[in-house]
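Working notes for the structure below.
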There are 2 protein chains.
Amino acid sequence: MNVRPLTKTSNERSDATRRRLIDAGMELFGVNGFDATTTRALADAAGANLAAIPYHFGGKDGLYRAVAQAVIDGLNDQMGSFLDSVQREMDAGVGSPHQAMALIERLMADFAEVVLQRPEADNWVCFVMREQMQPTEAFSILYDSPIKRMRDLFSKLLSHVSGLEPDHVRIKLTGIELLGLVYVFRVARASTLREMGWQTINEAAYAEVRTVILESTRLILRGLQAKN
Amino acid sequence: MNVRPLTKTSNERSDATRRRLIDAGMELFGVNGFDATTTRALADAAGANLAAIPYHFGGKDGLYRAVAQAVIDGLNDQMGSFLDSVQREMDAGVGSPHQAMALIERLMADFAEVVLQRPEADNWVCFVMREQMQPTEAFSILYDSPIKRMRDLFSKLLSHVSGLEPDHVRIKLTGIELLGLVYVFRVARASTLREMGWQTINEAAYAEVRTVILESTRLILRGLQAKN
DNA sequence: CCTAACAATTCATACGTTTGTATTATGCGT
DNA sequence: ACGCATAATACAAACGTATGAATTGTTAGG
């Protein structure tokens, strides 16, 4: 019944085991889902003993929650800097719709880079998508993520572009739509690869995808601006 | 070892059992995935006996494949008519880019209706998305679906709009992008509801979503047209 | 029209595996 | 030598499937 006894002296070895288990969980839970991932597979992948899971996390569920938290942390690592950057520029004052559009395009480019190019994303994107489709108790952890920060930034910036209020229905839905422009190439990756005749989304392929995403973004933004 | 003995006289009772098991599989596999769905849960939901699964489908895998096929059939039922309709009009000759744009908008509206409004969609959308993220052997069954037909229609129509070849990279990616405009509201439904403060995507909410989807579609199409 | 015989299906149950976790013992640093 | 972390093993529960009996539906002989 002894779960993470919180020793004063931070034990490096146990921290390493926890981290390895979380890494393994990110990979296996993300790819195969909760039920399809066995504790034995997790322990093997982490190079840890089977009993380390109940010991460190109280059980399989606890490890899953820890992985969810690690996903958030990873998102913060990968998205925090450019979110902060845009936030700062926004706080300094958005002079024109054109400036707001430029910031949104930057957000989209950086987000696409993270979601479609970073190899680490392979794991957490699937993890998050699975929680979207069938939320567990871990969904609340994931909801307050950098992605929500990004949606909020979108709302404010889109407000500058369109002249509508940031919490206007149209604005919020458009923000979700923009994220969808990126998500679709990850979620429907299997179909995309097959349709395009690609083996992977390599450098050249990503360049094409990125172009289309940014082009569509620009068009949607320009349309939103022209309207009001 | 006797699997579906193919009696001359079609047995109503066994057909009904198969159908109930497939319906239960559509629901449970779709929502919870393959591993999280137990044969006992399937049998209970179908009001059938446990042994009916190996008997009629050869096992859990066989039932899963049968459900995948049923998903295709359902898609054909729900999308076949408007796909045929657009196909006919296209074959009759697309006179102007404007006409092609109108057809694409019709496709998008009908597709959104099916994906976001039909209650039956709740099951198969999750089923398909799961196969997208982690394709099993059933993916091949699903790939040759009405959705591929729709992508092909998009390619041809987008070709008319833009002047580019139907198999041009930009064209195909734009087709995927358009589908993403619809998918995102289903896949990221949990976040959408939470973000919008909605309980469900009811009539009024759907009207807003539909407006945004069609607006974005129009903007992307117009941009594609203006470019060449 | 009835009914016995047969095949097809459903059912209750049992079996071997695999699952997650508990238990106990061993290693290791302070 | 003491406490924490790891390791090997054991165990109850749940899993998918196999098995044989019971039930249902169909068909042929009277």
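Just so it is clear: chains get the letters A, B, ... in the order the sequence lines come, proteins before strands, and each one is counted from 1.
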Touch class at under 4.0 angstrom, heavy-atom based, for A:Ala51 against every strand present: base
Rounded to the Å, how far apart are [X] [atom1] and [N] [atom2]?
X       : N      : atom1 : atom2 : result
A:Arg18 : D:dC4  : CZ    : C1'   : 11 Å
B:Asp61 : D:dG16 : CG    : P     : 10 Å
A:Asp44 : D:dT6  : CG    : P     : 16 Å
B:Ile53 : C:dC11 : CD1   : C1'   : 14 Å
B:Phe57 : D:dG16 : CZ    : P     : 15 Å
A:Leu50 : C:dT19 : CG    : C1'   : 10 Å
A:Tyr55 : D:dC4  : OH    : P     : 7 Å
B:Phe29 : D:dG16 : CZ    : P     : 9 Å

Pairwise side-chain contact, B:Leu181 with A:Leu181, heavy-atom cut-off 4.5 Å (strictly under): yes
Non-hydrogen side-chain atoms of B:Ile213 and B:Leu116 separated by less than 4.5 Å: yes
Stretch residues 31-42 of chain A: residues that reach within less than 4.0 Å of DNA chain C through a heavy atom: A:Thr37, A:Thr38, A:Thr39, A:Arg40
Options C:dT23, C:dA8, D:dT6, nucleotide nearest the side-chain atoms of A:Asn49: D:dT6
A:Thr17 side-chain N/O to D:dA5 phosphate OP1/OP2 under 4.0 Å: no
Short side-chain N/O contact from B:His56 to OP1 or OP2 of C:dA8, under 4.0 Å: no
Carboxylate-amine/guanidinium proximity below 4.0 Å for A:Asp84 and A:Arg88: no
Cation-pi, B:Tyr143 ring and A:Arg194 (6.0 angstrom, 45 degrees): yes
Distance-only polar pair, side chains of A:Thr217 and A:Glu105, donor-acceptor under 3.5 Å: no
Check: B:Arg106/B:Ser85 side-chain N/O donor and acceptor closer than 3.5 Å: yes
Heavy-atom donor-acceptor pair, A:Ser81 side chain to A:Asp77 backbone, under 3.5 Å: no
